[in-house]
Every structure is written in structure tokens, then in C-alpha cells.
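Working notes for the structure below.
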Amino acid sequence: AAPSPVPEREPGSDYDTSDQSPGFAVTGPISEKQAKRLFAIAAKRTDELGLSKYAVLNAVCGTYGVKNSKELTRDNYEQACESAATWVQS
């Protein structure tokens with residue numbers, strides 16, 4: 001059987017499919033590139049929030065029930081990036 005096609009990106013999406021092979025499932029762990037991007041987004045918030053990039057990233061990961069970004073799944077990656085960009089300390 002032919003492999004399933006790689007899911008197409010939504011217009012305007014930053015979803016990185018460059019390291020995905022045909023037949024890729026969107027429920028697997030995020031790639032190293034995606035983890036680095038998420039970390040960079042969290043790092044941009046440090047001055048604004050007065051927290052370390054690790055504190056921001058840990059808070060975001062905690063909302064998805066994981067301990068670190070490498071445990072995030074690809075299906076919640078975009079939501080996690082949005083959360084990191086907009087997260088507010090309560």
C-alpha cells in the first residue's frame with residue numbers, strides 16, 4: 001500500500017513539516033526543530049514576565065500534562081506555541 005500523504009499546512013500556519021516523512025502521524029512527539037522553536041518563543045517572554053524561559057516553558061508544558069517540551073505531541077504543538085506566546089502568570 002502507498003504511504004499516506006503528509007498533511008497539508010493550513011494557510012498561515014507555522015506548523016513545521018520539513019522533517020516529516022510520508023505516512024507521518026500527527027500524534028507523535030514534536031521534532032527537535034519544533035522543541036527549539038517553542039523554547040525560543042518562551043525565551044522572548046522572559047523580560048516581559050520577569051521569569052526564566054524555563055519557567056515559562058514549564059508552565060506551558062504543564063497545561064498539556066507533560067514535564068518538558070519533548071513530551072509534547074505534534075497535534076498540540078501549535079496550541080503550545082500560542083500558549084507560550086500569550087501565557088500570563090496567574
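FYI, side chains are in, hydrogens and waters are out, and symmetry mates aren't considered; it's all heavy atoms of this structure. Index from 1, following the sequence.
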Compare all side-chain heavy atoms of Lys36 with those of Glu32 and state whether any distance is below 4.5 angstrom.
->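 With C-beta onward as the side chain, the pair touches.
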Side chain proximity check, Ser31 to Arg74, heavy atoms < 4.5 angstrom | yes
Not counting sequence neighbours, which residues clear side-chain contact (heavy atoms from CB on, under 4.5 Å) with Ala40? List them please.
->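 Here no residue qualifies.
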Grab the two heavy atoms, one from Ser69 and one from Ile30, that are nearest each other, plus how far apart they are.
-> O-CD1, 3.1 Å
Counting only pairs under 3.5 Å, give me each side-chain donor-acceptor contact of residues 43-50, with atom names and distances, residues two or more places apart or in other chains.
{"unit_1": "Arg45", "atom_1": "NE", "unit_2": "Glu48", "atom_2": "OE1", "d": "3.0"}
{"unit_1": "Arg45", "atom_1": "NH1", "unit_2": "Ala84", "atom_2": "O", "d": "2.9"}
{"unit_1": "Arg45", "atom_1": "NH1", "unit_2": "Ala85", "atom_2": "O", "d": "3.1"}
{"unit_1": "Arg45", "atom_1": "NH1", "unit_2": "Trp87", "atom_2": "O", "d": "3.1"}
{"unit_1": "Arg45", "atom_1": "NH2", "unit_2": "Glu48", "atom_2": "OE2", "d": "3.1"}
{"unit_1": "Arg45", "atom_1": "NH2", "unit_2": "Trp87", "atom_2": "O", "d": "2.8"}
{"unit_1": "Thr46", "atom_1": "OG1", "unit_2": "Ala43", "atom_2": "O", "d": "3.0"}

Give the cluster check for Ile41 versus Leu57: same hydrophobic cluster or not, with ILVMFWY residues linked at side-chain heavy-atom distances below 4.5 Å.
->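 Not linked; separate clusters.
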Look up atom CG in Leu38 and atom OH in Tyr77, then write down how far apart they are to the nearest 0.5 Å.
->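 Spacing of CG (Leu38) from OH (Tyr77) equals 6.5 Å.
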Set of residues satisfying ring-ring contact (aromatic ring centres under 6.0 Å, His included) with respect to Tyr64, sequence neighbours excluded | none
Please, which pairs that meet ring pair (Phe, Tyr, Trp, His ring centres under 6.0 Å) have at least one residue in residues 34-63, sequence neighbours excluded?
-> Phe39-Tyr54
Tell me the salt bridge (charged side-chain N to carboxylate O under 4.0 Å, His left out) pairs involving residues 57-71, sequence neighbours left out?
-> none
